[in-house]
Amino acid sequence: MLAATSSQEMSTAADTEEIAASEESRAFQIDELFFSTTDKKGLIGKANHVFMRVSAFSADELRNKPHNIIRHPDMPRVVFKVLWEYIEDSRPIVAYVKNRAKDGRYYWVVALVSPTAEGYLSVRFKPSSPLLSTVEGLYRHLRKIEKSIEQSGKGKPAAIAASRQELHTQLRSLGFANYDEFMYLMFQQELQSREAGLASIGIGLIPRNDAGKSTRGNSLHSTIHSCNRLLTSLNPVFADLASYFSVNKQIRSKCESVTSLSMSIRMLALNGAIDAEKLGTLASGIGKILDWLQSLSNGITAECESLSTALAKLILEVNGIIFNLGAAKLQIAMTGSFASELLQASSTDGGDNDRGMTDGAIEMLHASFSETTKRALASFTAASTDLLQLRRALDRLKASARSLRSVYVTGKIEMANLESSQLKSIFSDLGSHLRNAEANLQGLDEQIDTLQAQLQKTVRDAEGIDALIADADKSLLGAAAL
């Protein structure tokens with residue numbers, strides 16, 4: 001939506017805009033939110049006044065125009081290519097976007113683009129986290145690659161392909177396996193940075209507005225109140241899920257430690273088996289025990305891999321829930337802010353001068369955040385299933401460790417009849433590694449218990465949100481009807 005009239009039309013009128021891009025920026029504040037909608041072809045349908053003011057375009061200049069009217073030439077084509085791939089696949093996406101206003105000046109936004117029944121909805125806010133400076137450099141690098149290939153005569157598809165490959169390379173160098181991982185972290189950090197910025201200046205996620213005493217004004221006040229209640233209910237849920245990151249990191253670390261220890265045990269057992277073979281029949285019994293230790297340590301390594309797979313699946317699910325809840329919070333805040341904006345307009349000029357761009361927007365925004373919130377809450381079932389699989393994987397791992405301990409004790413008894421300092425040293429090391437592995441398994445058990453308790457708390461915190469959404473329907477739809 002933010003790029004072209006279709007995913008195939010990457011070249012646009014914005015590329016040849018007569019007004020040159022300026023090095024000056026257009027100002028807007030951290031508390032301001034703006035949105036726009038388009039149809040499937042990327043033609044603008046609805047927008048709020050903040051968008052018109054920041055972009056410097058009037059309602060008539062935006063209505064039914066391609067959204068790429070605000071495209072900045074500094075934006076890499078590959079970013080829009082990726083954006084279109086997501087939304088055409090009915091997936092929401094968040095991206096940093098540098099836009100160009102009518103007067104040529106630029107402004108950066110964090111854009112959440114979501115599919116809707118009629119087309120696409122984009123909600124934007126001011127970026128404020130340190131990540132923006134990294135992305136600015138990355139975008140300059142990607143755009144330089146694209147321009148170089150285009151100027152060589154190879155065309156835009158080749159330029160986009162090369163830019164995409166470089167984008168993936170750069171994301172991996174930053175520690176992200178793919179764009180999803182980057183998007184999840186970026187969106188969470190930007191939302192947290194915005195909320196911290198608002199708190200520092202004493203502004204809530206939805207600004208208070210005492211204007212408007214008419215019937216429509218009362219309905220809009222009700223809309224703001226409903227949105228604030230929803231945000232109040234979602235905040236602890238979002239905070240609960242954000243804490244999963246630290247717990248998951250600890251689980252992954254301990255799992256990696258157990259894997260490393262099991263590999264060390266296998267190597268020690270192999271070395272011990274070689275030494276036992278040199279002693280001949282005197283150490284035949286201990287040789288068999290060492291063979292069993294090798295086999296059991298192999299099993300532990302395999303169980304660690306199974307646990308890691310289950311953990312990765314759970315992390316992916318929880319990341320999706322966090323992303324959707326963040327999107328819901330932003331869309332709810334946008335709905336409340338837009339209601340406040342309409343109240344202000346009605347108190348200053350007697351009404352909304354651009355009803356063609358705002359009619360039905362409250363209803364559309366409500367439908368979008370309602371669907372996003374419900375999708376996030378429904379994912380708790382999948383997360384609970386993933387957590388159960390994680391618990392089962394750990395139980396199998398603990399059972400393998402108990403077997404390893406039993407065989408190790410048997411070996412210690414056998415060692416009493418042998419006079420081999422080398423084997424005794426190996427068994428001493430085996431015992432140390434086994435104790436460390438058992439301590440890590442105990443830590444894993446405790447961390448998974450913590451994760452389970454957190455999930456149960458999150459589910460409890462989420463109870464009643466569906467009812468709040470239903471209550472919001474009345475006020476929001478009432479406002480839309482006026």
Side-chain angles (χ1 to χ4, degrees), residues 91-92 175-178 180-185 187-188 191-192 233-262 299-329 371-403 437-466:
R91 292 184 293 160
F176 303 103
N178 49 46
D180 272 354
E181 282 193 9
F182 167 75
M183 176 176 70
Y184 289 155
L185 178 66
F187 190 39
Q188 184 186 15
L191 287 176
Q192 290 175 340
S233 297
L234 282 174
N235 280 336
V237 178
F238 192 78
D240 288 344
L241 289 168
S243 66
Y244 274 59
F245 284 112
S246 60
V247 178
N248 286 334
K249 186 180 294 186
Q250 293 178 55
I251 291 176
R252 180 178 287 169
S253 175
K254 290 186 181 299
C255 187
E256 289 172 352
S257 295
V258 173
T259 300
S260 176
L261 287 165
S262 69
I300 286 178
T301 300
E303 295 297 348
C304 282
E305 292 175 356
S306 177
L307 189 144
S308 294
T309 300
L311 177 62
K313 192 168 183 291
L314 175 63
I315 291 173
L316 187 64
E317 192 67 49
V318 171
N319 283 346
I321 296 173
I322 293 172
F323 176 80
N324 283 321
L325 283 177
K329 285 182 62 179
E371 179 183 347
T372 304
T373 307
K374 289 177 180 178
R375 182 169 62 246
L377 297 180
S379 298
F380 282 124
T381 301
S384 297
T385 301
D386 292 340
L387 184 58
L388 181 61
Q389 292 175 349
L390 188 66
R391 169 60 68 186
R392 288 171 176 169
L394 178 60
D395 288 344
R396 291 193 298 270
L397 186 55
K398 289 163 62 179
S400 296
R402 286 193 295 270
S403 298
E438 289 168 338
N440 275 284
L441 286 174
Q442 179 61 35
L444 270 172
D445 206 4
E446 294 169 357
Q447 291 296 336
I448 291 175
D449 281 345
T450 299
L451 205 59
Q452 189 166 11
Q454 284 183 334
L455 182 61
Q456 291 170 346
K457 179 181 182 299
T458 304
V459 171
R460 288 194 302 271
D461 287 340
E463 291 176 357
I465 290 178
D466 281 339

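Residues Gln452 and Leu388 form no side-chain contact, since every pair of their non-hydrogen atoms from C-beta on lies 4.5 Å or further apart. In this structure the side chain of Ile315 never reaches within 4.5 angstrom of the side chain of Val318, judged on heavy atoms. Residues Ile322 and Tyr184 form no side-chain contact, since every pair of their non-hydrogen atoms from C-beta on lies 4.5 Å or further apart. Here the side chains of Leu451 and Leu314 are in contact, with some heavy-atom distance below 4.5 Å.
Remark: the backbone N or O of Glu181 is paired with a side-chain donor or acceptor of Asn178 at under 3.5 angstrom. At distances below 3.5 Å, not a single donor-acceptor pair connects side-chain atoms of Ser260 with backbone N or O atoms of Glu256. Side chain of Asp445 to backbone of Leu441: no donor-acceptor contact under 3.5 angstrom is found.
In this structure, Lys313 NZ and Thr309 OG1 are separated by 11.0 Å, a value rounded to the nearest 0.5 Å. We find the CG-OG distance between Asp386 and Ser379 to be 10.0 Å, quoted to the nearest 0.5 Å. Atom CG of Asp395 and atom CD of Glu303 lie 10.5 Å apart (nearest 0.5 Å). Annotation: the span from Lys254 atom NZ to Leu311 atom CG amounts to 13.5 Å, rounded to 0.5 Å. Note that the CG atom of Leu307 and the CZ atom of Arg392 stand 13.5 Å from one another [nearest 0.5 Å]. Note that CD1 of Ile300 and OG of Ser400 are 5.5 Å apart. Values are rounded to the nearest 0.5 Å.
Between Asn324 and Ala376, the shortest heavy-atom contact is CB-CB, 3.6 Å. The two atoms that bring Arg396 and Ser306 nearest to each other are NH2-OG, 3.2 Å, heavy atoms only. Scanning both residues, Ala437 and Leu261, for their nearest heavy atoms gives N-CD1, 3.4 Å. Scanning both residues, Gln447 and Ile251, for their nearest heavy atoms gives CB-CG1, 3.5 Å. Contact detail for Phe187 and Ala327: the closest heavy-atom pair is CE2-N, 3.4 Å.
Under the 3.5 Å distance criterion, with hydrogens and angles disregarded, no donor-acceptor pair is assigned to the side chains of Gln442 and Glu438.
Partners of Asn235 according to the side-chain hydrogen bond (donor to acceptor under 3.5 Å, both in side chains) rule, which considers only residues two or more places apart in sequence or in another chain, are Lys329.
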Check: Can you list the steps and then say if Val237 with Ile465 is a side-chain contact (heavy atoms from CB on, under 4.5 Å)?
Finding: CA-CA 10 Å; Val237 178; Ile465 290 178; 4.2 Å; yes
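Between Glu371 and Arg375 there is a salt bridge, since a side-chain N of the basic residue sits under 4.0 Å from a carboxylate O of the acidic one.
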